[in-house]
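If you're wondering where the values come from, they're calculated on a predicted model, not measured in any experiment.
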Amino acid sequence: MIEEFATISQDAELCGGSHDIDDVHDQLCTQPIHIGRQAWVAAGAFVGPGVEIGEGAVIGARGVTMKSLDPWKVYAGNPARYIRARSRFDRSVLADK
């Protein structure tokens with residue numbers, strides 16, 4: 001699910017599936033991804049199965065996350081690490097103008 005005012009930049013990959021490597025049949029395993037309101041998945045970032053990008057959170061360019069990210073925080077790197085808090089704001093006020 002991608003919520004309002006979320007941004008998914010170019011070449012970002014949202015990967016909602018993988019395979020059970022311990023199953024002889026290599027079964028497909030899927031888990032939904034949730035991108036919160038006002039979150040940003042920057043250019044070339046990779047988001048793995050079952051990950052929730054919290055409201056207002058940022059995963060920086062080329063970042064990789066296989067774990068959920070807390071709201072209003074900035075993450076970067078591979079694996080993604082917490083960088084800093086993000087200022088809170090409400091983009092919906094811009095939509096009214």
Side-chain angles (χ1 to χ4, degrees):
M1 168 184 230
I2 301 173
E3 292 192 29
E4 287 186 309
F5 307 107
T7 301
I8 311 294
S9 292
Q10 66 276 11
D11 299 322
E13 187 169 349
L14 306 179
C15 181
S18 187
H19 294 273
D20 183 349
I21 62 171
D22 295 317
D23 183 326
V24 68
H25 300 292
D26 203 24
Q27 293 295 310
L28 177 65
C29 303
T30 62
Q31 292 180 290
I33 293 171
H34 181 190
I35 310 297
R37 180 180 172 86
Q38 301 185 118
W40 179 18
V41 179
F46 180 92
V47 178
V51 169
E52 179 172 348
I53 307 294
E55 178 180 1
V58 175
I59 174 76
R62 301 282 184 219
V64 175
T65 188
M66 300 298 287
K67 296 180 180 179
S68 294
L69 305 181
D70 292 333
W72 297 104
K73 294 184 178 178
V74 178
Y75 297 83
N78 179 7
R81 299 174 312 282
Y82 171 75
I83 303 297
R84 66 176 180 86
R86 183 181 185 197
S87 298
R88 291 177 184 253
F89 56 86
D90 187 358
R91 273 201 179 114
S92 65
V93 298
L94 299 175
D96 295 335
K97 296 184 182 205

What's the spacing between [X] [atom1] and [Y] [atom2] if we round to 0.5 Å?
X   : Y   : atom1 : atom2 : result
L14 : I35 : CG    : CD1   : 5.0 Å
F5  : F89 : CZ    : CZ    : 11.0 Å
R81 : I83 : CZ    : CD1   : 5.5 Å

Query raised in the report: Between A42 and A12, what is the shortest heavy-atom contact and its length?
Result: O-CB, 3.9 Å
Report summary line: When every non-hydrogen atom of I33 is compared with those of V47, the smallest separation belongs to CD1-O, 3.6 Å
Requested in this report: Please check if the side chain of H19 supplies one atom and the backbone of D26 the other of a donor-acceptor pair under 3.5 Å.
Outcome: yes
Requested in this report: Decide side chain to side chain contact (heavy atoms under 4.5 Å, CB included) for E4 and Q38; before the verdict, give the C-alpha distance in whole Å, the side-chain angles of both, and the deciding distance to 0.1 Å.
Outcome: CA-CA 7 Å; E4 287 186 309; Q38 301 185 118; over 6 Å; no
Query - Exceeds 12 heavy-atom contacts within 6.0 angstrom, atom CG of L28 - result: yes
**Report entry** Non-neighbouring partners of D70 that pass side chain to side chain contact (heavy atoms under 4.5 Å, CB included), sequence neighbours left out
**Finding:** K73, Y75
Query raised in the report: Is any side-chain heavy atom of M66 closer than 4.5 Å to a side-chain heavy atom of P49?
Result: yes
Query raised in the report: Within a strict 4.5 Å, meaning less than it, do heavy atoms of the P79 and V64 side chains meet?
Result: no
Query raised in the report: Does one hydrophobic cluster hold both I2 and V41, with members joined at side-chain heavy-atom distances below 4.5 Å?
Result: yes
Query raised in the report: Going hydrophobic residue to hydrophobic residue with side-chain gaps under 4.5 angstrom, can you get from L69 over to I8?
Result: yes
Would you list the atom pairs, donor with acceptor, under 3.5 Å between side chains in residues 50-62 and any protein atom, with sequence neighbours excluded?
none

**Report entry** Residue pair D90, R37: steps toward the side chain to side chain contact (heavy atoms under 4.5 Å, CB included) verdict
**Finding:** CA-CA 10 Å; D90 187 358; R37 180 180 172 86; 3.4 Å; yes
Query raised in the report: According to the side-chain hydrogen bond (donor to acceptor under 3.5 Å, both in side chains) rule, which pairs have a member within residues 7-18, sequence neighbours left out?
Result: S9-W40
